[in-house]
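Starting off with a structure, shown below.
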Amino acid sequence: KRAGKAWRVANTHASAAGFASTLAPDCHVILEATGRYDQLLRKALDAAGIAYSRINPTKARRFAEAAGYHAKTDRLDAQMLSEYGQRFEPEAALPIDEARETLTGLRLRRDQLVEARACEKGRRDGATGVTLTSLDDHIAFLDAAIVAIEDEIKAFLKTYPTLGDDHKRLQSAPGVGPVTADVLVAGLPELGHCNSAQIAALAGLAPMNRDSGIRRGKRSIRGGRRRVRRALYMAALHARKAHGPLRNIYQRVLERSGVKKIAIIAVARKLLIILNAMMKNKTVYQS
């Protein structure tokens with residue numbers, strides 16, 4: 001929206017660049033985060049030096065409904081996003097880091113291959129004869145493909161020393177292996193640039209109150225970056241067994257709550273806060 005007017009821009013490099021060139025230097029663009037579909041626009045805005053904010057689609061939809069936008073059209077979406085930006089003044093997103101984008105693609109492909117392998121392994125139950133042989137052949141193929149993509153990631157990190165150093169630094173912490181480090185380097189570039197509360201919220205590990213009137217509900221985590229949160233949860237499963245503060249947190253929360261999952265999430269949150277400080281100070285883990 002501009003001066004009360006709305007228009008369409010094709011999702012092509014030329015159209016996005018042309019659109020960005022018409023914007024004033026102090027303009028702030030508000031757009032919904034749509035993964036790879038907003039990449040051309042983001043690159044064009046970066047090249048033109050235009051600030052922009054990517055809004056979670058769920059948040060945008062809830063704001064639209066609260067503001068009375070029950071219908072959904074491109075024109076109404078543009079107006080709603082404009083009002084969202086004026087109302088909340090969201091912080092500008094970090095410019096696209098091409099190296100991180102490439103690492104994100106490699107990491108996503110590994111996840112896809114691992115998921116496909118898990119599905120094929122699940123299909124082995126009850127399979128016999130030619131079907132079982134086909135499944136085993138495909139599983140072996142996927143095993144090799146996963147090793148190959150992991151080698152690609154290792155080789156890529158060697159070509160980008162800054163990312164490679166961050167990757168090694170993260171793995172000095174308990175429970176953080178190569179895969180978790182991949183996810184954090186690619187999917188959480190804010191690590192080391194935010195305070196503890198902000199980084200926990202980005203990862204979806206900030207506890208949310210559920211209190212209303214005299215009711216006092218259990219605090220729970222929600223939102224954030226699902227893949228980052230899942231990686232930290234898996235890291236916490238291992239970190240809780242290591243000697244030091246993370247193990248102490250796990251035991252203390254477990255004794256208080258009696259629920260293992262709550263204790264593991266507490267470890268994941270503490271681990272993230274430690275990793276955030278490590279990245280900020282450029283130091284390795286110290287127990």
Query - Co-membership, hydrophobic cluster, residues Leu103 and Val179, 4.5 Å side-chain - result: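 Not linked; separate clusters.
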**Report entry** Side-chain donor-acceptor pair present, Glu190, Gln198, cut-off under 3.5 Å
**Finding:** no
Query raised in the report: CD of Glu65: more than 12 outside heavy atoms within 6.0 angstrom?
Result: yes
Query raised in the report: Is it true that Arg169 and Asp166 have a side-chain N and a carboxylate O under 4.0 angstrom from each other?
Result: yes
Requested in this report: Evaluate the side-chain proximity of Arg107 to Arg227: yes if any heavy-atom separation is below 4.5 Å, no if none is.
Outcome: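 Yes, their side chains come closer than 4.5 Å.
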Report summary line: Between Arg225 and Pro189 the two heavy atoms that sit nearest each other are NH1-CD, 4.0 Å
Report task. Examine distances only and state if a side-chain atom of Arg110 and a backbone atom of Ile149 form a donor-acceptor pair shorter than 3.5 Å. Result -> no
**Report entry** Arg100 side chain to Val185 backbone, donor-acceptor under 3.5 Å
**Finding:** yes
Query raised in the report: Is there a chain of hydrophobic side chains (I, L, V, M, F, W, Y, each step under 4.5 Å between heavy atoms) that links Ile50 to Leu31?
Result: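 Shared cluster, yes.
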Query raised in the report: Does some side-chain heavy atom of Leu232 sit less than 4.5 Å from a side-chain heavy atom of Leu184?
Result: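 Of all side-chain heavy-atom pairs linking Leu232 with Leu184, at least one is under 4.5 Å.
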Requested in this report: Could you state whether Met234 and Leu202 fall into the same hydrophobic cluster, counting links through intermediate Ile, Leu, Val, Met, Phe, Trp or Tyr residues with side-chain heavy atoms under 4.5 angstrom apart?
Outcome: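 Yes, same cluster.
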Query raised in the report: Can you check whether Ile30's main-chain N or O pairs, donor with acceptor, with Ser53's side chain at less than 3.5 Å?
Result: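 No, because the side chain of Ser53 does not come within donor-acceptor range (under 3.5 Å) of the backbone of Ile30.
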Query raised in the report: Which heavy atom of Ala242 sits nearest a heavy atom of Arg247, and at what distance?
Result: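 Heavy atoms only, the tightest pair is O-CB, 2.8 Å.
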Query raised in the report: Can you tell if the side chain of Glu120 reaches within under 4.5 Å of the side chain of Arg124, non-hydrogen atoms only?
Result: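 When only atoms from C-beta onward are counted, Arg124 and Glu120 do not touch, as no gap falls below 4.5 Å.
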Query raised in the report: So, for Met80 and Ala64, which heavy atoms are closest and what is the spacing to 0.1 Å?
Result: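 Residues Met80 and Ala64, closest heavy atoms: CG-CB, 3.6 Å.
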Query - Side-chain donor-acceptor pair present, Ser82, Gln86, cut-off under 3.5 Å - result: yes
Report summary line: Taking every heavy atom of Ala268 against every heavy atom of Ala236, the minimum-distance pair comes out as N-CB, 3.6 Å
Query raised in the report: Does the side chain of Leu41 reach to within under 4.5 Å of the side chain of Val9, using non-hydrogen atoms?
Result: no
Query raised in the report: Does the pair Glu101/Lys43 count as a salt bridge with the N-to-O cut at 4.0 Å?
Result: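 No, Glu101 and Lys43 are not salt-bridged.
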**Report entry** Under 3.5 Å: donor-acceptor pair, side chain of Ser172, backbone of Lys168
**Finding:** no
Report task. Might you work through the side chain to side chain contact (heavy atoms under 4.5 Å, CB included) test for Lys241 and Tyr250, ending with a clear yes or no? Result -> CA-CA 9 Å; Lys241 301 175 183 179; Tyr250 175 78; over 6 Å; no
Query raised in the report: Same hydrophobic cluster for Tyr69 and Ile55, using side-chain heavy-atom links shorter than 4.5 Å among ILVMFWY?
Result: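 Linked, Tyr69 and Ile55 end up in one cluster.
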Query - Side-chain heavy-atom pair His193, Leu94 within 4.5 angstrom cut-off - result: no
Query - Pair Asp46-Arg42, salt bridge (charged side-chain N to carboxylate O under 4.0 Å, His left out): steps then yes or no - result: CA-CA 6 Å; Asp46 282 341; Arg42 290 160 54 206; over 6 Å; no
Query raised in the report: Are Met278 and Leu191 side-chain neighbours, meaning at least one heavy-atom pair lies under 4.5 Å?
Result: no
Query raised in the report: Parallel, tilted or perpendicular: which describes the rings of Tyr84 and Phe88, with under 30° parallel and over 60° perpendicular?
Result: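 If you compare the ring of Tyr84 with that of Phe88, the planes turn out tilted.
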Query raised in the report: Below 4.5 Å, heavy atoms only, C-beta onward: do His138 and Phe141 meet side chain to side chain?
Result: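 Heavy-atom side-chain distance check passes, below 4.5 Å.
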Query raised in the report: Hey, are the side chains of Lys154 and Leu157 touching, using non-hydrogen atoms and a 4.5 Å cut-off?
Result: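 The answer is no, as the side chains (C-beta and beyond) never meet within the 4.5 Å cut-off.
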Requested in this report: Give the cluster check for Leu237 versus Val183: same hydrophobic cluster or not, with ILVMFWY residues linked at side-chain heavy-atom distances below 4.5 Å.
Outcome: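 Yes; Val183 is reachable from Leu237 via cluster members.
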Query raised in the report: Do you know the tightest heavy-atom contact between Leu170 and Met279?
Result: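 Shortest heavy-atom separation between Leu170 and Met279 comes out as CD2-SD, 3.8 Å.
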Query raised in the report: Would you say Thr133's side chain and Gly129's backbone share a donor-acceptor pair under 3.5 angstrom?
Result: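 Yes; at least one donor-acceptor contact below 3.5 Å.
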Query raised in the report: Counting distance only, does the side-chain N/O of Ser15 pair as donor-acceptor with the main-chain N or O of Asn11 below 3.5 Å?
Result: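 A pair under 3.5 Å: no.
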